[in-house]
Amino acid sequence: MDKFIIKGGRRLTGEVVISGAKNAAVAILPAVILSDEPCTIENVPSISDVNISIRILKEMGATVEYLGNNTYRIDPTTIDKCCVPYETARKMRASYYFLGALLGKFKKARVSMPGGCPLGDRPIDQHLKAFTALGAEYNLSQGMVDLKADKLEGNQIFFDVVTVGATMNAMLAAVRAEGLTVIENAAKEPHIVDLANFLSAMGANIIGAGTDVIKIKGVKYLHGTTYSVIPDQIEAGTFMVAVAATKGDVLIKNVIPKHLESITKKLEKIGVNIQQFDDSIRVWVDGPLVKTNVKTAPHPGFPTDMQSQIATLLTLAEGTSIITENIWEQRFRYVDELRRMGADITVNGKVALIEGKGKLMGAPVKACDLRAGAALIIAGLAASGVTEIEDIFHIERGYDCMEGKLRALGADIEKVSVPDTQSKSDKENGREAV
Ligand code: EPZ
């Protein structure tokens, strides 16, 4: 199994370019199924969740060509299966987007119940609510979700909770349904808008994405298009925190500053300097970090996918900071690992109390999920001494060449392979050639 070895205490300086957004790409790639012609998708991040999505498309019969420069040409007209194999689908949560895309195009789908990060209960009741509202029937058995519909008809869908995945899936299933669909209490994340923009580029009729009411008029035909995935808001935020944690000075390029507003505001409260340009931001620190309270919330609130990273930063600010995780019930599993590095954090339900000591010490730690792994990298960069991070396949699910980008900024980080006990399928995942 691979691990990262980080020698901490070096300031990050220079420039870094952000890759395409994971949570947009894993929805846009399945969405190509809805098209009646080939599509070209640009700025696709080179991460294992994308590798799995491409592998699923190929296993269903789509013709996929990698054109280099993070660009894929996908022809969905050769698809001859509507079933996503259990072994492949269970590896990532986003496999559920194939449900909405296959239902929307073929009126049937068979996909395994989603896997993904162990963040607590990850139900799909709202997804099923959307599918049934449009006229589909579902059956759950042996870990598989089966959907079928004689006809898909537009309808009113009101989500009981704000859910990114179900909002995406409702759009995927509705764009070719007959008539008008109104999605209420919709999620507003940047990747929701990116999927809607991609679908519209194919000829879909969607208004309101980015607000809590999305209206979709079904169309009969979707043409091919060339589309570029938006920059990754969470990768950018992760680098912003890494620069702050090392008291560095970095220009972060290929970002959409508006997508980073809640992260920028929170970092400025913590004492980080941020200067915004059209498609880049400069981040630097020239004073002490200040204890601050953080509450995660759906967009435009502070993103839950930045919670573990900002918590790590706050261990370096003197005094007591409070983190409240309002989206996931088990998103503090990284705390045990930070404690091994000298952090003083008490967790009680959805609240973590951080007694910032201003420093961390290197230690052997383990990534338990994607963003926890990112937090441990940040901790290792800031700590004195050496940090070894195991299970970095979690990190490679969602960050495109993280160690290479960090090394270019002056970090002392290297990836080493050691004999592992990791299952063969996980290993295939991380290194799947497409
Ligand atoms: C997406 O997960 C992201 N994953 C997650 O990012 C992110 O944390 C999450 O949205 C919130 O922003 C992808 O986009 C692939 P939700 P998703 O449906 O869609 C409850 C990362 O690090 N809920 O918005 O699974 C659910 O339990 C990953 O990149 C239901 O109750 O999240 C949670 O409490 C981790 N019923 C809340 O809604 C449902 O049917 C938000 O979940 C669906 C969700």
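In what follows, every heavy atom counts, from backbone to side chain, and hydrogens, waters and symmetry copies are set aside. Whatever order the structure lists them in is the order used to number ligands and atoms, beginning at 1.
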Classify the ring geometry between H299 and H259 as parallel (under 30°), tilted (30 to 60°) or perpendicular (over 60°).
perpendicular
Heavy atoms of other groups near N348 CG, more than 12 under 6.0 Å:
no
For ligand 1, which atoms have a heavy atom of G165 less than 4.0 angstrom away?
18 (O), 19 (O)
Counting from 1, what ligand 1 atoms have a heavy atom of Q126 closer than 4.0 Å?
36 (N), 39 (C), 40 (O)
Non-hydrogen side-chain atoms of F198 and V32 separated by less than 4.5 Å:
yes
Within a reach of under 6.0 Å around NZ of K81, are more than 12 heavy atoms found that belong to other residues, nucleotides or ligands?
yes
Contacts of E137 that satisfy side-chain hydrogen bond (donor to acceptor under 3.5 Å, both in side chains) - sequence neighbours left out
K148
Residue I124 vicinity, atoms of ligand 1 by number, heavy atom under 4.0 Å:
40 (O)
The atoms of ligand 1 lying under 4.0 Å from a heavy atom of H127, numbered in the order shown, are 40 (O)
Determine whether more than 12 heavy atoms belonging to other residues, nucleotides or ligands lie under 6.0 Å from atom CG of N139.
yes
Considering only heavy atoms, which of P123, A374, A27 lies nearest to atom 43 (C) of ligand 1?
P123
Quick check on contacts: which atoms of ligand 1 are under 4.0 angstrom from a heavy atom of V161?
23 (N), 30 (C), 31 (O), 38 (O)
Can you find a non-hydrogen atom of R331 under 4.0 Å from ligand 1?
yes
Under 4.0 Å from a heavy atom of K22: which atoms of ligand 1 are those, numbered in the order shown and with their elements?
21 (C), 29 (O)
If you measure every N or O of R371 against every N or O of ligand 1, does any of those distances drop under 3.5 Å?
yes
Decide whether T238 and Y399 meet the rule of one side-chain donor and one side-chain acceptor closer than 3.5 Å.
yes
Of I183, L180, I157, the one forming a side chain to side chain contact (heavy atoms under 4.5 Å, CB included) with I216 is I183
What part of T304, side chain, backbone, both or neither, has a heavy atom within less than 4.0 angstrom of ligand 1?
side chain
Taking 4.0 angstrom as the limit and counting only heavy atoms of V164, give me the atoms of ligand 1 inside it, by number and element.
10 (O), 12 (O), 16 (P), 18 (O), 19 (O), 24 (O)
Of Y96, W328, Y97, which has the heavy atom at the shortest distance from atom 9 (C) of ligand 1?
W328
Start with the C-alpha distance between M402 and F239, add both sets of side-chain angles, then the distance that settles side-chain contact (heavy atoms from CB on, under 4.5 Å), and finish with yes or no.
CA-CA 10 Å; M402 183 82 153; F239 273 94; 4.0 Å; yes
Proximal ligand 1 atoms for I327, defined as those under 4.0 Å from one of its heavy atoms:
33 (C), 34 (O), 41 (C)
